Amino acid sequence: MRAEGNISANEVNKFVYCPYQWYYERIHGAKKIRGLYMERNKSYGYTDTVGSHFKKGLRYHSGYRKRALIFGIITVSAVVLAVFGLMYFLGILPWK
């Protein structure tokens, strides 16, 4: 338990991330904020927003390795073409 008036390192981190969130949690408490959050989602008909964001992140990161491989191939190809282009321009191609 923290003494009233003291601020923990976790609270400093929350404040740096979002000062408004830190303030409202400190004044009203996390339980009250979560209740309001759930009430708002219910009134708008939102369903499992945290889970849907998590699933969206999983879909994005599942293709990361493929995107990184394609980016690497394109980068290496561009560098090789640039080197050969420079060699051609300078007239120092190895197969002359």
Side-chain angles (χ1 to χ4, degrees):
M1 266 337 244
R2 67 176 170 87
E4 195 59 41
N6 292 343
I7 297 176
S8 69
N10 186 36
E11 285 185 287
V12 171
N13 188 31
K14 282 185 180 182
F15 178 81
V16 170
Y17 177 72
C18 179
Y20 295 111
Q21 177 185 2
W22 173 82
Y23 173 77
Y24 287 117
E25 277 190 14
R26 188 153 171 93
I27 299 300
H28 301 290
K31 188 174 183 178
K32 170 85 172 168
I33 300 297
R34 278 194 300 275
L36 292 172
Y37 175 77
M38 297 302 286
E39 189 177 303
R40 182 210 57 198
N41 288 350
K42 187 176 179 181
S43 69
Y44 285 119
Y46 296 154
T47 57
D48 192 22
T49 57
V50 173
S52 65
H53 287 303
F54 181 70
K55 289 175 188 172
K56 183 178 177 183
L58 285 177
R59 281 194 308 270
Y60 173 80
H61 289 289
S62 68
Y64 176 77
R65 187 175 301 260
K66 183 179 179 182
R67 286 190 305 274
L69 179 64
I70 291 170
F71 178 76
I73 290 170
I74 291 171
T75 303
V76 168
S77 301
V79 168
V80 168
L81 285 173
V83 167
F84 278 113
L86 182 61
M87 290 171 69
Y88 178 77
F89 178 73
L90 296 175
I92 54 171
L93 286 174
W95 54 80
K96 264 189 163 180

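Note that the structure is predicted; figures quoted are calculated from it, not measured.
- By the 6.0 Å contact criterion, CE on Met38 is open, its count of non-hydrogen atoms from other residues, nucleotides or ligands being 12 or less.
- Side-chain heavy atoms closer than 4.5 Å link hydrophobic residues (I, L, V, M, F, W, Y) into clusters, and following such links, even through other members, never connects Phe71 to Tyr64.
- Here the straight-line distance linking atom CD1 of Ile27 with atom CD1 of Ile33 works out to 10.0 Å at 0.5 Å rounding.
- In this structure, Leu86 CG and Leu81 CG are separated by 12.5 Å, a value rounded to the nearest 0.5 Å.
- Connection of Ile73 to Val79 is not established within any shared hydrophobic cluster, with ILVMFWY side chains joined at heavy-atom distances below 4.5 Å, either directly or through further cluster members.
- Note that the OH atom of Tyr24 and the SG atom of Cys18 stand 10.0 Å from one another [nearest 0.5 Å].
- Side-chain contact between Tyr17 and Gln21: present, with at least one pair of heavy atoms (C-beta onward) separated by less than 4.5 Å.
- Here the closest heavy-atom approach between residue Lys32 and residue His28 is recorded as CB-O, 3.5 Å.
- Once rounded to the nearest 0.5 Å, the distance linking CD of Glu39 with CZ of Arg34 reads 15.0 Å.
- Between Leu93 and Phe84 there is a side-chain heavy-atom pair separated by less than 4.5 Å.
- Residues that satisfy the ring-ring contact (aromatic ring centres under 6.0 Å, His included) test with Tyr60, not counting sequence neighbours, are absent from this structure.
- You'll find the side chain of Glu11 stays beyond 4.5 Å of the side chain of Asn6, heavy atoms only.
- Asn13 is not listed as a side-chain neighbour of Trp22, based on a closest heavy-atom distance of 4.5 Å or more.
- Put simply, Val76 and Ile74 are part of two different groups of oily side chains (I, L, V, M, F, W, Y) that touch within less than 4.5 Å, one to the next.
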